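All remarks here apply to the structure that follows.
Predicted model, so just to flag it, every value in this text is computed and none were measured.
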Amino acid sequence: MSVEPGQEALWRAAAEVVAADGRVRGLEEQEAGPRSWEGYARVLWEAARHRDAGVRGRLEAWTGDPSVGAGARQMLQAWSAVVERSEAVLAGWRAAAPAARSATSVSGACDAVAADGNVQQEGLQLAAAVLKTRWAEPFEAWAAIRRAWSGVRDQGGQQDAARTAAMRAVEAVWGGERVRDVTALPEPALVAGARFTSPAQWADAEFEHRWQQYVLDCCDKLEEALQAAPGDGGDGRQLMLVTGWPLTRQRDAELAYLAQYEQYGPTVPFGSRRAGYGIEPDHAVVLAVPGFAARHAADHTGDDQRRIVLGPGLLAGAAGPDERDVLMLLRGAYPYLSADAAGDGPWARPTAMVTTARAVRRVAQERRQSAYSGSDDSLEVYNDLVVGKYSWVPDDDHPGPAAAVLEKQPVHWLKDWVLCLDIECGPRGETALYRLYGTVTSYEPDTGHVVFVPTGGHPAIAVPVHRIVALTGDRQRRSEGQVPAHEPYDG
């Protein structure tokens with residue numbers, strides 16, 4: 001049964017409305033109370049605002065249609081209402097979450113204490129006394145103390161409550177634990193052994209005393225560092241690239257407050273990350289944040305310089321940043337942006353950089369290229385393409401023989417393989433060549449677009465042929481986990 005395009009647009013929009021309404025309704029029905037930034041980061045990522053442009057664009061194209069126009073207008077009203085409710089929930093969550101300055105002060109205190117390597121080392125030494133097998137992972141007591149203490153202090157809880165939370169977090173794992181290796185306990189002993197009936201009983205008591213004292217010592221150091229935290233340092237705003245977005249993983253807990261700040265520019269691919277036994281897309285965004293937040297985020301991720309990249313400050317009184325500054329930061333995460341080809345114009349031709357690179361690739365495989373140009377064996381071409389024996393190089397004047405070769409391919413099979421798309425990135429006059437990794441889902445010979453899905457399962461992007469140098473496979477790396485999102489083009 002065929003469905004008319006207008007009816008399909010309404011059906012898809014209705015599905016979006018129902019799904020978004022369900023998410024918002026679930027949040028509206030939650031009990032009022034304190035909210036965490038980790039929770040906000042998850043809610044924000046699923047918010048209706050991210051689908052707004054797509055849903056509106058799908059419906060607005062049919063509002064004037066005589067048969068489905070009334071339905072399209074009605075669906076637009078329903079969608080607008082859902083988006084409005086979604087934004088109200090987000091605003092309420094932000095109001096109930098800790099102040100950003102509190103979050104950065106608490107996180108900064110944790111970082112200051114963690115800088116003393118002896119803190120973690122003492123916890124690992126205690127863990128070694130109860131480690132059950134040589135392959136078991138030791139319990140990271142410091143990490144548990146940090147999370148529990150931060151969770152209370154972030155919410156404005158007092159010192160005693162934070163200490164109690166930390167003690168309970170460690171007690172849940174080490175409470176009543178038996179010592180397996182007495183020699184792993186620090187010396188000298190702090191508990192006298194005369195009142196115990198066996199060495200094992202003494203060792204268990206010594207361990208219990210040690211871990212409790214360790215928790216108290218860590219909390220004291222954290223409180224001292226919190227009191228010594230520096231001031232805010234001004235309210236000027238600064239651009240910042242954040243990778244590993246959304247900030248929903250446990251390792252992101254002390255950065256999750258960044259989710260409250262305004263995003264500029266698109267969300268771009270940043271490869272993939274582990275999610276249980278599989279992978280999920282990893283993203284990058286540009287935010288405008290207060291100066292104190294920019295400094296905290298950069299300091300907190302100092303060991304991973306790709307997580308946070310600071311950009312220029314915003315001029316006082318400016319409504320927003322310069323778009324060129326935003327795009328420059330985004331290109332540091334992913335070199336090809338949809339804005340690149342959008343500025344080329346509808347009748348754009350390949351640049352001299354592209355035609356030169358194509359010529360080099362053609363010469364490198366001249367015999368194979370000429371054989372495919374006259375071949376009807378599309379399966380042979382396909383097999384050689386996905387394993388990197390053959391590179392498809394577009395025609396300089398589209399369409400031509402190369403376009404015909406790709407048009408004959410079973411393109412729907414290409415989505416099963418990670419391919420290399422060699423492409424010109426950046427605005428014209430400032431372009432560079434890169435190799436992007438991902439899958440190809442379709443080829444549109446009429447428009448000259450290759451539909452490409454960046455590795456990690458990101459949304460598809462339509463890449464115009466005049467930007468493409470070549471499409472091929474990788475002889476050694478053929479799966480998601482083996483390839484980067486992109487790398488410089490090496491010819």
Side-chain angles (χ1 to χ4, degrees), residues 7-63 71-98 100 103 151 154-155 242-253 255-270 272-287 453 456-460:
Q7 294 173 340
E8 180 182 359
L10 263 64
W11 178 83
R12 292 186 180 278
E16 291 275 12
V17 170
V18 170
D21 176 73
R23 286 190 291 268
V24 173
R25 192 182 301 278
L27 296 171
E28 291 172 334
E29 293 173 354
Q30 288 184 2
E31 294 183 4
R35 294 284 188 261
S36 70
W37 287 120
E38 300 99 294
Y40 181 80
R42 288 190 292 272
V43 172
L44 174 66
W45 185 243
E46 298 176 350
R49 64 167 66 171
H50 301 302
R51 298 167 179 80
D52 190 43
V55 174
R56 289 187 185 280
R58 184 180 296 124
L59 290 172
E60 287 172 352
W62 296 97
T63 54
R73 293 190 294 273
Q74 184 178 8
M75 197 62 66
L76 266 176
Q77 292 177 350
W79 174 252
S80 297
V82 170
V83 172
E84 185 176 345
R85 287 167 51 214
S86 175
E87 291 301 308
V89 168
L90 291 176
W93 199 299
R94 289 194 299 270
D154 269 346
Q155 297 288 348
V242 183
T243 64
W245 188 271
L247 303 173
T248 54
R249 293 170 292 184
Q250 188 176 82
R251 66 184 286 241
D252 301 325
L255 290 175
Y257 74 94
L258 295 173
Q260 68 186 287
Y261 297 116
E262 187 170 359
Q263 177 182 338
Y264 288 93
T267 300
V268 301
F270 194 69
S272 60
R273 62 192 190 188
R274 288 289 173 188
Y277 293 103
I279 62 171
E280 65 182 12
D282 214 355
H283 307 82
V285 298
V286 169
L287 308 176
V453 177
H458 291 270

So the ring-ring contact (aromatic ring centres under 6.0 Å, His included) pairs with at least one residue in residues 16-37 (sequence neighbours excluded) are W37-Y40
Sequence neighbours excluded, the answer for side-chain hydrogen bond (donor to acceptor under 3.5 Å, both in side chains) partners of T243 is none
For R23, the salt bridge (charged side-chain N to carboxylate O under 4.0 Å, His left out) test, sequence neighbours excluded, returns none
Residues at least two apart in sequence or cross-chain that pass side-chain hydrogen bond (donor to acceptor under 3.5 Å, both in side chains) with Q263, listed by chain then number, are T267
Residue set satisfying side-chain hydrogen bond (donor to acceptor under 3.5 Å, both in side chains) with E87, at least two apart, ordered chain then number -> R49
What one should report as the nearest heavy-atom pair of A259 and W245 is CA-CH2, 3.8 Å
Residues at least two apart in sequence or cross-chain that pass salt bridge (charged side-chain N to carboxylate O under 4.0 Å, His left out) with R58, listed by chain then number, are none
Between V17 and A78 the two heavy atoms that sit nearest each other are CG1-CB, 4.3 Å
Review point. Below 4.5 Å, heavy atoms only, C-beta onward: do V83 and R51 meet side chain to side chain?
Key: no
Are more than 12 heavy atoms from other residues, nucleotides or ligands located less than 6.0 Å from atom CZ of R12? no
Closest non-hydrogen contact found for Q155 with A96 is OE1-O, 4.5 Å
For E84, the salt bridge (charged side-chain N to carboxylate O under 4.0 Å, His left out) test, sequence neighbours excluded, returns none
So the salt bridge (charged side-chain N to carboxylate O under 4.0 Å, His left out) pairs with at least one residue in residues 26-43 (sequence neighbours excluded) are E28-R85
- Query: Is there a donor-acceptor contact under 3.5 Å from the side chain of E60 to the main chain of G57?
  - Reply: no
Correct closest heavy-atom pair for D252 and P246 would be OD2-O, 3.9 Å
Across all chains, not counting sequence neighbours, the side-chain hydrogen bond (donor to acceptor under 3.5 Å, both in side chains) partners of Q30 are none
Residues at least two apart in sequence or cross-chain that pass side-chain contact (heavy atoms from CB on, under 4.5 Å) with T63, listed by chain then number, are A72, R73, L76
Test side chain to side chain contact (heavy atoms under 4.5 Å, CB included), reference E16, set V55, V82, L59, output is V55
| query | Are any of the side-chain heavy atoms of Y261 and V242 separated by less than 4.5 Å? | reply | no
All heavy atoms of E262 vs all of Y264, minimum pair found to be OE1-OH, 3.3 Å
On a heavy-atom basis, the closest approach of G457 and P281 is O-CG, 3.5 Å
By salt bridge (charged side-chain N to carboxylate O under 4.0 Å, His left out), E46 pairs with (sequence neighbours left out) none
Sorted by chain and residue number, the ring pair (Phe, Tyr, Trp, His ring centres under 6.0 Å) partners of H283 (sequence neighbours excluded) come out as W45, H458
* So, do W93 and L27 sit near enough that their side-chain heavy atoms are less than 4.5 Å apart? -> yes
- prompt: Within a strict 4.5 Å, meaning less than it, do heavy atoms of the W79 and D52 side chains meet?
  reply: yes
